[in-house]
Student: 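Take this structure, written in structure tokens, and hold onto it; I'll ask about it next.
Heads up: numbering here begins at 1 and tracks the sequence.
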Amino acid sequence: MTPQFFDAPDGTPLLACERGIITKVGSDVLGGTKLWVKGESGTYYYYAHLSAFGEGITSGSVVDAGDVVGYV
């Protein structure tokens, strides 16, 4: 599967694609502020180059589709 890249204005809320668990959050030179979500379907989602995490987002958090996980 080819990764999908999207562009949006700074501060735009980033929403979870499906219900799942935050498996990892972090920040480094490659990807900047980033997180991974493992969806109930088994699909992993990688969100990178965020300006901030959503409120309460930590490793192990459960999110529903449409929950704010971060900001562009």
Side-chain angles (χ1 to χ4, degrees):
M1 175 181 273
T2 303
Q4 299 295 309
F5 299 96
F6 301 95
D7 190 23
D10 287 347
T12 300
L14 185 61
L15 310 179
C17 293
E18 71 171 294
R19 181 174 170 78
I21 187 165
I22 306 291
T23 60
K24 186 176 180 181
V25 297
S27 183
D28 63 24
V29 176
L30 297 174
T33 301
K34 56 191 173 182
L35 61 86
W36 290 259
V37 176
K38 181 180 181 186
E40 286 185 333
S41 68
T43 301
Y44 280 88
Y45 300 92
Y46 174 60
Y47 301 85
H49 304 288
L50 308 177
S51 63
F53 297 118
E55 187 175 336
I57 296 297
T58 60
S59 223
S61 297
V62 174
V63 294
D64 287 313
D67 284 354
V68 175
V69 294
Y71 297 90
V72 173

Student: Any sub-3.5 Å donor-acceptor pair from Ser51's side-chain atoms to Asp10's backbone N or O?
Tutor: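 Checked: no pair found.
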Student: Is there a side-chain contact between Tyr47 and Cys17 (heavy atoms, below 4.5 Å)?
Tutor: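 Contact flag for Tyr47/Cys17 side chains = yes.
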Student: Just how far is it from atom OG1 of Thr33 to atom CG of Asp28, taken to the nearest 0.5 Å?
Tutor: 9.0 Å
Student: Are Tyr45 and Ile57 connected in the hydrophobic side-chain network, where two residues link if heavy atoms are under 4.5 Å apart?
Tutor: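 Yes: a chain of side-chain contacts under 4.5 Å links Tyr45 to Ile57.
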Student: Compare every heavy atom of Phe53 with every heavy atom of Lys34, then report the nearest pair and how far apart it is.
Tutor: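 What the structure gives for the nearest pair is O-CE2, 3.3 Å.
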Student: Where do Glu18 and Glu40 come nearest, in terms of heavy atoms and distance?
Tutor: OE1-N, 3.3 Å
Student: Got more than 12 heavy atoms from elsewhere within 6.0 Å of NZ, Lys38?
Tutor: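 12 or below, so no.
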Student: Which atom pairs, one a donor and one an acceptor, fall under 3.5 Å between side chains of residues 63-72 and the rest of the protein, sequence neighbours left out?
Tutor:
residue, atom, partner, partner atom, Å
Asp64, OD1, Arg19, NH1, 2.5
Asp67, OD2, Asp64, N, 2.8

Student: Hey, is the main chain of Thr23 close enough, under 3.5 Å, to the side chain of Ser59 for a donor-acceptor pair?
Tutor: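 Confirmed, Ser59 side chain pairs with Thr23 backbone.
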